[in-house]
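For reference, the structure is listed below as structure tokens.
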Amino acid sequence: MSEGGTAMLRILVAEDFDILREDLCETLEAQQDMTVAGSAATGGEITRLALETDFDLVLMDIEMENITAGITATEVIREKKPEAMVIFLTAHETENTILTAMATGAVDYVVKGCSDEALLRHIRAAAAGQPEMDAAINSVIMREYTRLRKSEQSLLFFVNNLSHLTAAERDLVRLLLQGKKVQEIAAARVVEVVTVKTQIKGLLHKFGCSRTKEVVQMIRDLNLEHLFM
């Protein structure tokens, strides 16, 4: 219990650099509302510790014994303890690393080098159920969320329209995916060029596109090429 009688926030620390880990633990222990429940230098150690120890939150480095040790550890910990709160504290801030890390269900992502005051603020906010994610990190996550929403909407739109394609239009799409030009498509299907152009016009209308390249790109982006092979 803290001096005020409130429960102490029990924190596990995962950091492979000894000096940084010791400094971090000292900073946490100096707080009236926090205590270090344990610390570890590897993903394997923090996983074992988290499964054997009662704690409220884990401060998790990402690169320890390997470049994704913290992410792997978080996946295992949250699989066994779904309620576990994890804040990544790492030097890595590439978009791919942020998205991969946050996909584990972590509550926050803090880049090393921030002040002690900022880190403590992030910890307290997360513990209160209101994670204070930095704007740059939040921006990366929101861009990915928007991209996925658009992708989902595009997929639904495409699948809904797929059922309305004629056999000739499906064959047309197959040939377009092969990179065939209008004249080549006409020759392959033994029809007039004007017939192919009319079919292309109908195809573009169904998918709300202005060029065949857009239809082809949409199919590839959604990984649906196999439907026309």
request  = Run through the side-chain heavy atoms of Ile, Leu, Val, Met, Phe, Trp and Tyr, join any pair under 4.5 Å, and report what else lands in L89's cluster.
outcome  = L9, I11, V13, L24, L28, M34, V36, L57, L59, M85, I87, V107, V110, L119, L120, I123
remark   = Contacts of E132 meeting salt bridge (charged side-chain N to carboxylate O under 4.0 Å, His left out) (sequence neighbours excluded), chain-then-number -> R121
Close side-chain approach of T166 to L172, heavy-atom, < 4.5 Å = no
Solution key, residues 180-194 side-chain donor-acceptor pairs under 3.5 Å, sequence neighbours excluded:
| residue | atom | partner | partner atom | Å |
| --- | --- | --- | --- | --- |
| E184 | OE1 | K181 | N | 2.8 |
| R189 | NE | D171 | OD2 | 3.4 |
| R189 | NH1 | Q199 | OE1 | 2.6 |

ask   = Is there a side-chain contact between T90 and Y109 (heavy atoms, below 4.5 Å)?
value = yes
Residue pair F55 / A84: nearest heavy atoms and the distance that separates them = CZ-CB, 3.9 Å
remark   = Nearest heavy-atom contact between C114 and A118 is CB-CB, 4.2 Å
request  = For the pair L177 and R174, evaluate side chain to side chain contact (heavy atoms under 4.5 Å, CB included) and give the outcome as yes or no after the intermediate values.
outcome  = CA-CA 5 Å; L177 286 168; R174 179 180 63 81; 5.6 Å; no
ask   = With sequence neighbours left out, what residues match E26 under salt bridge (charged side-chain N to carboxylate O under 4.0 Å, His left out)?
value = none
ask   = When you look at NE2 of H205, are more than 12 heavy atoms from neighbouring residues, nucleotides or ligands closer to it than 6.0 Å?
value = no
Pairs satisfying side chain to side chain donor-acceptor pair (under 3.5 Å), at least one member in residues 96-106, at least two apart = T94-T97
Solution key, residues 67-77 side-chain donor-acceptor pairs under 3.5 Å, sequence neighbours excluded:
| residue | atom | partner | partner atom | Å |
| --- | --- | --- | --- | --- |
| T72 | OG1 | T68 | O | 3.3 |
| T74 | OG1 | G70 | O | 2.8 |

message = With rounding to the nearest 0.5 angstrom, report the OG1 to CG distance, T42 to D16.
response = 9.0 Å
task = Look only at the side chain of E15 and the backbone of F17, and say whether a donor-acceptor pair between them is shorter than 3.5 Å.
result = yes
inquiry  = How long is the straight-line distance from CG of L204 back to NZ of K206, given to the nearest 0.5 Å?
reply    = 11.5 Å
L203 and L176: CA distance, side-chain angles, deciding distance, side chain to side chain contact (heavy atoms under 4.5 Å, CB included) verdict = CA-CA 11 Å; L203 186 69; L176 288 171; 4.0 Å; yes
inquiry  = For the backbone of L51 and the side chain of K80, can you confirm whether one donor and one acceptor N or O come within less than 3.5 Å of each other?
reply    = no
request  = Please round to the nearest 0.5 Å and tell me the distance separating atom CD1 of I200 and atom SG of C209.
outcome  = 12.5 Å
query = What heavy-atom pair brings A106 and A101 nearest, and what distance separates the two atoms?
reply = CB-O, 4.3 Å
request  = Go through the steps to decide whether L12 and L49 satisfy the test side chain to side chain contact (heavy atoms under 4.5 Å, CB included), and finish with yes or no.
outcome  = CA-CA 8 Å; L12 295 179; L49 191 60; 3.9 Å; yes
task = Identify, with sequence neighbours excluded, every residue that meets side-chain hydrogen bond (donor to acceptor under 3.5 Å, both in side chains) alongside E79.
result = none
task = Please examine the side chains of M64 and E45, heavy atoms only from C-beta on, and report whether any two atoms are closer than 4.5 Å.
result = no
request  = Check side-chain hydrogen bond (donor to acceptor under 3.5 Å, both in side chains) between E214 and all other residues, then give those that pass, not counting sequence neighbours.
outcome  = S210
query = Sequence neighbours excluded, which residues qualify as salt bridge (charged side-chain N to carboxylate O under 4.0 Å, His left out) partners of E22?
reply = none
ask   = Sequence neighbours excluded, which residues qualify as side-chain hydrogen bond (donor to acceptor under 3.5 Å, both in side chains) partners of E65?
value = none
ask   = In chain order, what residues pass the side-chain hydrogen bond (donor to acceptor under 3.5 Å, both in side chains) check against R78, with sequence neighbours excluded?
value = none
inquiry  = By the side chain to side chain donor-acceptor pair (under 3.5 Å) test, which pairs, at least two apart or in different chains, include something from residues 50-64?
reply    = R10-D56, R48-E52, D61-K112, E63-H92
ask   = Atom CD in E169, atom CZ in F228: separation rounded to 0.5 Å?
value = 10.5 Å
